[in-house]
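Notes follow once the structure below has been shown.
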Amino acid sequence: MHPSPDASLPAETALSGAISAPGHDANPLDRAAALAAQLTASPGALVMEQGGTTWTPLGWSGLSNEQAIDMAQALARHWAEGAAPNSGEVQTISADGHHGFAPSDHAGNVHAMGLADAADLAPAALIWIAPAPAVVPETAATAVHILTDLINDQRRLLRSVAIQTTSATPGHHLVDTAAAETLSRLSLTERTAGVGSWSIDVATHHMHYSAECANILGLHELDTACDLDLMVSRYAPEWRSGIRQRLERCAVLGEGFDEEIQVVLPTHGFKWVRTVGEAVPDARGQVVRIQGAVQDISAQKQAQEETLRLAMRLTTTLASITEAFVTLDRQCCFTYLNQESERLLQKSTADLLGQPVWQDFAGPQAERLREQLTRALTTNRRVELEEHFPQLGKWLEVRAYPFAEGLAVYFRDVTDRRRSQEQLMLLETSVAQLNDIVVIIETGATTDQEARIVFANNAFEEQTGYARDEVMGQTPRLLLGLDPAVGKLREMAAALQRTRKARAELEVRRKNQTSFWVELEVVTVQADAQAVTHWVAVGRDITQRKTAEDMIRHLALYDPLTDLPNRQLLMERLQKALFQSARSGQHGALMFIDLDNFKIINDTQGHHVGDQLLKLVAIRLTQSVRKTDTVARLGGDEFVVMVDDLSTDAEAAARKAQTLADKVLSMLREPFQIAGHQHYATPSIGVTAFIGQRDDVGELLKQADLAMYQAKSLGRNNVCFFDPVLQSRMGADAAISSDLRVALREQQFVLYYQPQVDRRGVIIGVEALVRWEHPTQGLVLPAEFIPVAEDSGMILPLGQWVLETACAQLAAWAEWPQTAGLSVAVNVSVHQFRHPDFVDMVMAAIRDTGVSPHRLKLELTESLLADRMEVTIEKMGMLKALGVTLSLDDFGVGYSSLSVLKRLPLDQLKIDKGFVADVLTDPNDAAISRAIIALAQSLSLQVVAEGVETMEQREFLAYQGCDQFQGYLFAPPLPIKTLDAHLRNPSSGMMVLV
């Protein structure tokens with residue numbers, strides 16, 4: 001305990017005695033002062049309280065009793081002339097020239113911090129001595145503020161003890177409680193600051209320590225006193241002797257110490273601690289106790305080592321910089337130079353260190369360098385300058401960057417660049433007046449630097465609208481706002497690296513944001529065999545040519561009438577869609593749209609109306625689909641819609657395609673307004689789906705086309721999806737069509753003849769039935785190839801061959817009396833009959849063979865009566881006038897009516913075999929057969945029943961009045977040789993009317 005300088009010390013003495021406990025110091029305010037000194041890195045600290053006009057020291061550390069009292073008196077005199085620090089305020093008082101402010105062995109400034117205001121306490125201050133400048137770390141500052149609260153609590157405790165009866169038990173209990181709270185807060189402060197306190201009794205060598213001290217030194221059982229040897233054992237072996245000597249000198253001579261030493265912990269190994277100790281004398285000046293503090297500084301030591309390593313790396317890095325690099329102090333004298341700077345400045349580091357940077361330069365260059373570097377230091381901003389230094393014979397670029405200790409300066413030799421600029425001035429004069437655009441671009445000394453425009457001629461200004469000053473130093477990308485153009489520029493740069501020459505067509509942006517096309521040719525300018533310093537770009541305006549090319553491409557890919565994509569562009573997009581579908585798994589669909597009866601509109605209203613209708617259809621189709629879909633016109637009234645990305649699920653994609661097709665169908669059904677009139681153009685739509693590249697584009701179009709024709713066959717104004725079975729049948733029909741041409745050329749057809757008999761069973765004629773003797777398939781019946789022949793148009797040559805062959809057979813039979821009276825019936829298709837030259841072909845066949853016309857019977861189908869009746873009746877009349885017999889085949893299944901029938905010059909009706917087959921079992925067929933026979937009799941026409949296979953059928957039909965019969969009951973269709981053999985043999989059962 002320190003001796004008291006005034007009456008307040010008895011209370012302090014009472015407090016010290018009351019709160020003394022094993023393992024802790026006797027006066028907590030001394031501990032608080034010691035902790036304050038540790039936190040502020042000060043040699044000594046003092047806690048003072050104001051009492052009237054005097055200031056009393058309550059606790060101190062690093063000071064003797066006399067020094068503490070002297071400081072308190074000196075500060076009281078100083079504050080009598082001025083004001084003491086307010087709460088939380090820190091006053092700095094220079095000790096120079098003010099005796100008593102700080103002891104002579106603690107030179108430095110005195111710092112006084114006012115403690116927190118409290119209504120129940122007198123003003124107080126925390127004093128510490130620190131050399132200038134003294135900066136308290138942020139963490140330590142927080143701990144100091146906590147410490148001030150602790151000091152105030154201790155002062156309250158002192159006041160309480162002063163008014164309590166020292167012998168009363170309740171008073172002791174009050175002091176114990178307050179002391180415990182004070183020590184608890186002191187422990188919190190130590191933990192916050194990372195500092196632990198300890199004390200050693202000189203007489204007993206017993207050691208007392210705080211919890212934080214135990215934590216730092218790895219001590220246990222805090223409440224059990226330990227001795228000096230235990231403390232020394234915690235230090236690393238190489239430090240133990242030294243720390244023991246310092247403790248002993250402190251105990252004997254009163255010498256304090258402050259050391260950074262390593263300790264050894266059982267669980268954590270080595271760590272660095274700062275150990276501070278001081279002697280505490282009694283009233284006679286004898287050292288009775290050593291007190292001190294320990295602080296874990298392992299992190300600081302590690303940071304110091306990391307800083308050292310960083311400094312070494314920094315030194316290595318600076319030495320490896322390829323540019324000339326130096327550092328200057330704040331007087332602009334050299335403090336560091338790398339090897340490149342020695343080479344550039346042509347002097348060694350030894351010659352330049354400590355010398356001003358402008359020392360070897362003279363004249364205005366040195367003055368400008370001095371001015372710029374001084375400005376960088378004053379404004380704390382970087383500066384750049386470029387000067388010619390005659391002493392070096394070089395142009396140097398100087399860049400200076402300020403930092404705390406001075407300037408970091410880069411020097412770069414730009415002599416070659418300056419020479420290039422001089423050459424550019426000559427080029428500018430020579431090319432300024434060229435009509436083509438000329439731009440010169442500096443490539444940059446390193447790959448990190450962007451290319452910059454350094455020259456542009458007059459044509460450039462006129463074409464782009466940019467003045468030279470606006471583009472000088474700018475990157476060429478200023479003129480290339482469009483992504484494709486930027487990509488082409490990169491390609492040109494890569495080409496220039498390989499071949500030193502590049503050509504491209506770029507779209508250049510003017511200042512007013514319009515654009516034009518330039519044919520650009522770029523060549524490189526090299527300073528030596530390796531380094532490319534500049535690009536020279538020459539551009540010619542090709543906007544008109546590009547416009548013409550775009551127009552030509554548009555005409556090549558778009559329909560001129562509707563401006564829709566044409567077949568070529570559709571095929572390209574469809575191919576792309578198939579490729580994308582293969583990658584994404586998305587289904588798509590193709591719709592083939594054909595307008596129903598469009599030819600009628602063209603024929604009746606004129607082609608101009610048809611063209612207007614096609615334009616309106618194109619508009620509606622475009623409005624019906626998504627913007628990403630394709631609507632194309634293939635030609636005429638055929639349109640195609642391609643939709644993709646419908647779904648990854650086939651059924652969902654089909655539903656979406658059906659919905660879209662129905663929408664298109666509905667929109668096109670609505671009337672079109674053209675020139676004030678309504679026109680209708682219903683569509684037939686064929687749809688096929690696609691995914692991936694399983695089918696090529698041609699196959700997909702064919703599938704959609706087939707589906708469209710299926711929609712037409714179902715009555716038009718309809719939607720049909722592609723059916724693979726239909727395609728298979730169409731494929732088979734195509735094969736048959738191809739074989740038919742070969743068959744006609746190679747005469748693979750033959751005629752079979754089926755007899756026709758009268759009511760007596762006598763043969764009166766035959767029906768000629770064509771057969772195909774296929775080289776691989778054998779005998780092919782007409783049902784399999786006649787429809788294909790009609791669709792392909794080959795029915796005309798085939799029909800002519802049948803007619804001519806039948807007439808030739810009639811001529812042959814006319815030579816034999818037994819068959820001279822036979823007639824031959826020939827089937828005539830609608831296409832054949834409606835051919836303009838049909839009547840002439842019949843006349844020619846009769847004339848060439850010399851047969852009797854009435855022996856030739858032409859069997860016509862009822863489908864002839866569906867339309868163009870007048871033409872049909874006229875042709876039939878002409879044939880009738882020739883003497884040819886006319887028969888209406890398959891009567892009852894077609895379009896004939898009584899009003900039409902009575903106008904036709906017919907000789908015969910044939911009951912369709914469909915009615916004959918069930919005439920005995922189906923009352924309806926029996927009634928139809930009776931009606932046909934009765935109708936023929938009323939019109940004086942003969943009746944022939946075909947397909948008679950039983951005697952019962954013949955008897956029924958004969959009873960109803962049927963004249964002639966044909967069917968397997970009498971004979972199947974027979975080849976001519978077989979038929980002739982039967983006709984010439986009376987025993988065959990075939991009778992011929994002679």
Side-chain angles (χ1 to χ4, degrees), residues 310-426 442-452 454 473 525-534:
L310 180 60
M312 293 178 65
R313 288 199 301 269
L314 180 59
T315 301
T316 304
T317 302
L318 291 176
S320 64
I321 294 177
T322 56
E323 285 189 348
F325 174 78
V326 304
T327 59
L328 309 177
D329 60 18
R330 301 194 69 82
Q331 286 72 43
C332 295
C333 295
F334 288 104
T335 57
Y336 171 83
L337 297 92
N338 68 352
Q339 291 182 355
E340 181 61 22
S341 62
E342 290 180 320
R343 185 194 64 78
L344 185 64
L345 298 178
Q346 301 174 8
K347 283 195 174 184
S348 66
T349 298
D351 294 334
L352 293 175
L353 283 179
Q355 301 298 321
V357 68
W358 49 77
Q359 174 177 320
D360 292 331
F361 304 135
Q365 292 85 7
E367 188 58 34
R368 279 192 293 270
L369 184 61
R370 183 201 303 267
E371 178 185 346
Q372 292 293 325
L373 297 182
T374 303
R375 182 160 64 89
L377 289 169
T378 304
T379 62
N380 199 35
R381 293 186 178 182
R382 60 173 285 181
V383 295
E384 293 184 8
L385 69 151
E386 190 173 300
E387 285 285 347
H388 182 256
F389 295 88
Q391 294 83 353
L392 302 175
K394 301 178 184 293
W395 280 88
L396 296 184
E397 178 187 80
V398 184
R399 289 172 288 143
Y401 301 86
F403 66 102
E405 285 74 24
L407 294 172
V409 182
Y410 292 87
F411 292 95
R412 184 157 68 103
D413 186 351
V414 294
T415 305
D416 292 339
R417 189 188 70 189
R418 295 291 297 196
R419 290 173 181 169
S420 297
Q421 289 174 344
E422 293 175 359
Q423 294 175 359
L424 286 176
M425 291 178 62
L426 297 176
E442 185 181 29
T443 60
T446 66
T447 56
D448 296 334
Q449 294 176 327
E450 285 192 299
R452 301 290 177 180
V454 295
V525 177
Q526 297 176 252
D528 50 48
Q530 299 295 328
V532 175
T533 59
H534 294 83

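Every value quoted in this text rests on a predicted model; they were computed, and no experiment measured them.
What you find for Val383 and Arg375 is that their closest heavy atoms are CG1-NH2, 3.9 Å. Across all non-hydrogen atoms, the minimal contact from Cys333 to Pro356 is SG-N, 3.9 Å. Heavy atoms only, all atoms of each residue included: Leu407 and Pro402 are closest at CD2-CA, 3.5 Å. Here the shortest heavy-atom pairing between Arg417 and Arg412 reads NH1-NH2, 3.8 Å. Contact detail for Leu345 and Leu392: the closest heavy-atom pair is O-CD2, 3.8 Å.
The CG atom of Leu353 lies 9.0 Å from the CZ atom of Phe334; values are rounded to the nearest 0.5 Å. Interatomic distance, Arg370 CZ to Cys332 SG, rounded to the nearest 0.5 Å: 8.5 Å. Atoms CG and CZ, on Leu344 and Phe389 in that order, are 9.5 Å from each other to the nearest 0.5 Å. Atom-to-atom distance recorded for Glu340:CD and Tyr410:OH is 13.0 Å, nearest 0.5 angstrom. Note: Phe361 CZ to Gln391 CD = 6.5 Å, rounded to the nearest 0.5 Å. The CH2 atom of Trp358 lies 9.0 Å from the CD atom of Glu367; values are rounded to the nearest 0.5 Å.
With contacts defined as side-chain heavy-atom distances shorter than 4.5 Å, the pair Arg330/Leu377 qualifies. Counting only heavy atoms from C-beta outward, the side chains of Phe325 and Tyr336 approach each other to under 4.5 Å. Leu352 has its side chain out of reach of Val357: every pair of non-hydrogen atoms, C-beta onward, lies at least 4.5 Å apart.
Between the Ser341 side chain and the Asn338 main chain, a donor and an acceptor come within less than 3.5 Å of each other. Listed for the Thr415 side chain is a donor-acceptor partner under 3.5 Å among the backbone atoms of Trp395.
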**OP:** Could you please spell out the steps behind the side chain to side chain contact (heavy atoms under 4.5 Å, CB included) verdict for Val398 and Gln372?
**Re:** CA-CA 10 Å; Val398 184; Gln372 292 293 325; over 6 Å; no
**OP:** Just do the salt bridge (Lys or Arg N to Asp or Glu O under 4.0 Å) check on Arg368 and Glu386 with the steps written out, would you?
**Re:** CA-CA 10 Å; Arg368 279 192 293 270; Glu386 190 173 300; over 6 Å; no
**OP:** Apply side chain to side chain contact (heavy atoms under 4.5 Å, CB included) to Glu342 and Thr349, showing your working.
**Re:** CA-CA 7 Å; Glu342 290 180 320; Thr349 298; 2.4 Å; yes
**OP:** Applying side chain to side chain contact (heavy atoms under 4.5 Å, CB included), run through Glu387 and Leu396 and close with a yes or a no.
**Re:** CA-CA 6 Å; Glu387 285 285 347; Leu396 296 184; over 6 Å; no
**OP:** Walk me through it: do Leu328 and Thr335 pass the test side chain to side chain contact (heavy atoms under 4.5 Å, CB included)?
**Re:** CA-CA 5 Å; Leu328 309 177; Thr335 57; 5.6 Å; no
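Using a 4.0 Å cut-off between a side-chain N of Lys or Arg and a carboxylate O of Asp or Glu, Arg399 and Glu323 qualify as a salt bridge.
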